[in-house]
Amino acid sequence: MTFGEQPAYLRVASDLREKIVNGALPPHTRLPSQARIREEYGVSDTVALEARKVLMAEGLVEGRSGSGTYVRERPVPRRIARSGYRPEGGASPFRQEQAADGMQGTWESRSEQEGASAEIAERLGIEPGDRVMRTRYVFRDAGEPIMLSTSWEPLAVTGRTPVMLPEEGPLGGCGVVDRMAAIEVVVDNVTEEVGARPGLAEELLTLGGVPGHVVMVIGRTYFASGRAVETADVVVPADRYRVAYHLPVR
């Protein structure tokens, strides 16, 4: 293979991908068989098989037991907004942003105490094993799961206060900024890091994906005078959603 030349299986996958994208192979159409690919492109069975594997890994096709491999329906990505804090009646950022986009957002949550793992302890600036309140969320739009989130708050900050449980009490359902303000903790900074990885089996089961699908993970941490008061991982299906940032310029 000379410099810059693609392996045969990638060239075959690229041509098939183009046919899928331009509609020559529309959704629900059966992908050419391995024998057909071999004959049409003049390649070996191994190359034909590897090309099909590439398209499956990219989520463009799916195998159906006893039937063959078919072109998947390609969802039109929807936007999930991320923005700076907006003091609108104490509503959580998710509720504010869903309302701004005319969506009907709901969520389910479950909170429980645990000892902080080494990773979470580092993010919160506490010691491994220190007690935190972990809250898991499933966010929905019109009943459809659109993202997951797990948050951790150090009980050294919120323990034995009215906001110890994020979704219960007088400020249940409010955002972190307003909940912390209620116990005289002034949040003045937030960081977010966005990455991608294969979705975990339990995540994809909830979000409606299949094994191998990629998710975006937004790692968010709120700070008050340099002290982390909450950290969270927000998980979004990468093939169905785009994360859009709207940040004020000061």
Side-chain angles (χ1 to χ4, degrees), residues 27 53-65 69-83 92-98 101 103-124 128 132-154 165-168 173 175-176 190-222 228 230-245:
K53 286 182 178 179
V54 168
L55 298 177
M56 292 189 75
E58 293 175 352
L60 295 174
V61 301
E62 60 185 355
R64 299 180 186 174
S65 180
T69 304
Y70 291 80
V71 177
R72 292 184 64 233
E73 187 82 43
R74 299 179 66 216
V76 177
R78 296 171 55 188
R79 184 174 66 94
I80 289 180
R82 309 291 295 173
S83 64
S92 70
F94 175 77
R95 181 179 293 173
Q96 292 178 18
E97 290 156 1
Q98 291 276 292
D101 289 338
M103 298 181 183
Q104 299 299 315
T106 60
W107 66 87
E108 306 159 9
S109 66
R110 184 177 75 253
S111 296
E112 56 188 342
Q113 295 186 34
E114 67 178 15
S117 67
E119 177 191 355
I120 297 305
E122 181 177 1
R123 287 165 61 170
L124 289 173
V132 295
M133 184 66 71
R134 181 189 67 194
T135 304
R136 291 175 169 164
Y137 296 86
V138 179
F139 294 93
R140 303 177 185 273
D141 173 40
E144 176 190 353
I146 63 173
M147 66 181 179
L148 309 175
S149 177
T150 304
S151 71
W152 296 265
E153 296 180 356
L165 292 168
E167 297 297 321
E168 297 182 23
V176 173
V190 58
T191 64
E192 290 195 349
E193 295 184 1
V194 182
R197 60 166 170 77
L200 304 178
E202 55 268 29
E203 294 169 340
L204 297 175
L205 180 64
T206 301
L207 294 169
V210 299
H213 275 194
V214 173
V215 296
M216 290 179 286
V217 182
I218 305 167
R220 179 197 68 206
T221 305
Y222 281 104
E230 189 252 23
T231 193
D233 284 334
V234 181
V235 178
V236 183
D239 63 332
R240 283 178 278 154
Y241 295 93
R242 296 291 180 267
V243 178
Y245 283 85

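Every heavy atom of this structure was used, including side-chain atoms; hydrogens, water molecules and symmetry mates were not.
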A.B. asks: Should Leu148 and Thr206 count as side-chain neighbours, where that means a heavy-atom distance under 4.5 Å?
C.D. replies: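 SC-SC contact between Leu148 and Thr206 confirmed.
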
A.B. asks: Between Glu108 and Arg140, does at least one N-O distance fall below 4.0 Å, as a salt bridge requires?
C.D. replies: yes

A.B. asks: Please list, chain by chain and in numerical order, all residues satisfying side chain to side chain donor-acceptor pair (under 3.5 Å) with Arg134, sequence neighbours excluded.
C.D. replies: Glu112, Glu114

A.B. asks: Would the distance check show the side chain of Arg242 and the main-chain N or O of Ala238 forming a donor-acceptor pair, the cut-off being under 3.5 Å?
C.D. replies: yes

A.B. asks: Checking side chain to side chain contact (heavy atoms under 4.5 Å, CB included) for the pair Asp141/Met147: CA distance, chi angles, key distance, verdict?
C.D. replies: CA-CA 9 Å; Asp141 173 40; Met147 66 181 179; over 6 Å; no

A.B. asks: Measuring from Glu168:CD to Ser109:OG, what's the distance to the nearest 0.5 Å?
C.D. replies: 7.5 Å

A.B. asks: So which heavy atom on Val132 is nearest to which on Ala116, and how close?
C.D. replies: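 Looking at all heavy atoms of both residues, the closest pair is CG1-CB, 3.9 Å.
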
A.B. asks: Is there side-chain contact between Arg197 and Val235, with heavy atoms separated by less than 4.5 Å?
C.D. replies: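 When only atoms from C-beta onward are counted, Val235 and Arg197 do touch, with a gap below 4.5 Å.
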
A.B. asks: With a 3.5 Å distance limit and no angle check, can you tell me whether Glu203 reaches the backbone of Leu200 through a side-chain donor-acceptor pair?
C.D. replies: yes

A.B. asks: Scan the side chains in residues 57-65 for donor-acceptor partners under 3.5 Å anywhere in the protein, sequence neighbours excluded, and list what turns up.
C.D. replies:
{"residue": "Glu58", "atom": "OE1", "partner": "Arg17", "partner atom": "NE", "Å": "2.9"}
{"residue": "Glu58", "atom": "OE1", "partner": "Arg17", "partner atom": "NH2", "Å": "3.4"}
{"residue": "Glu58", "atom": "OE2", "partner": "Arg17", "partner atom": "NH2", "Å": "2.8"}

A.B. asks: Can you tell me how far the OG1 atom of Thr221 sits from the CD atom of Glu193, to the nearest 0.5 Å?
C.D. replies: 7.5 Å

A.B. asks: Could you tell me which non-hydrogen atom of Leu207 sits nearest to which non-hydrogen atom of Ile146, and how far apart they are?
C.D. replies: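 Reported closest heavy-atom pair: CD2-C, 4.1 Å.
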
A.B. asks: Is any side-chain heavy atom of His213 closer than 4.5 Å to one of Val215?
C.D. replies: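 Val215 does not reach His213 side chain to side chain.
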
A.B. asks: Yes or no on side chain to side chain contact (heavy atoms under 4.5 Å, CB included) for Arg110 and Tyr137, after CA distance, side-chain angles and deciding distance?
C.D. replies: CA-CA 7 Å; Arg110 184 177 75 253; Tyr137 296 86; over 6 Å; no

A.B. asks: Search all heavy atoms of Glu153 against all heavy atoms of Val176 and return the closest pair with its distance.
C.D. replies: OE2-CG2, 4.3 Å

A.B. asks: With a 4.5 Å heavy-atom cut-off, do Trp152 and Asp233 have their side chains touching?
C.D. replies: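 Heavy-atom side-chain distance check passes, below 4.5 Å.
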
A.B. asks: Can a donor-acceptor pair be found, under 3.5 Å and without considering hydrogens, that links the side chain of Thr231 to the backbone of Arg220?
C.D. replies: yes

A.B. asks: Any idea which heavy atoms bring Met216 and Tyr241 closest together, and the distance?
C.D. replies: CE-O, 3.3 Å

A.B. asks: What verdict does the side chain to side chain contact (heavy atoms under 4.5 Å, CB included) test give for Ile218 and Val243, after you've listed the backbone C-alpha separation in whole Å, the side-chain angles of each residue and the deciding distance to 0.1 Å?
C.D. replies: CA-CA 9 Å; Ile218 305 167; Val243 178; 3.9 Å; yes

A.B. asks: Stepwise, does the side chain to side chain contact (heavy atoms under 4.5 Å, CB included) test hold for Trp107 with Glu167?
C.D. replies: CA-CA 10 Å; Trp107 66 87; Glu167 297 297 321; 3.0 Å; yes

A.B. asks: How close do Ser111 and Pro166 get, counting heavy atoms only, and between which atoms?
C.D. replies: OG-CD, 3.8 Å

A.B. asks: Ser149: which residues meet the side chain to side chain donor-acceptor pair (under 3.5 Å) condition with it, sequence neighbours left out?
C.D. replies: none

A.B. asks: Please report the shortest heavy-atom distance between Gly208 and Arg240, naming the atom on each side.
C.D. replies: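 Heavy atoms only, the tightest pair is C-NH2, 4.1 Å.
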
A.B. asks: Arg123 side chain to Ala232 main-chain N or O, any donor-acceptor pair under 3.5 Å?
C.D. replies: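 Between the backbone of Ala232 and the side chain of Arg123 there is a qualifying donor-acceptor contact (under 3.5 Å).
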
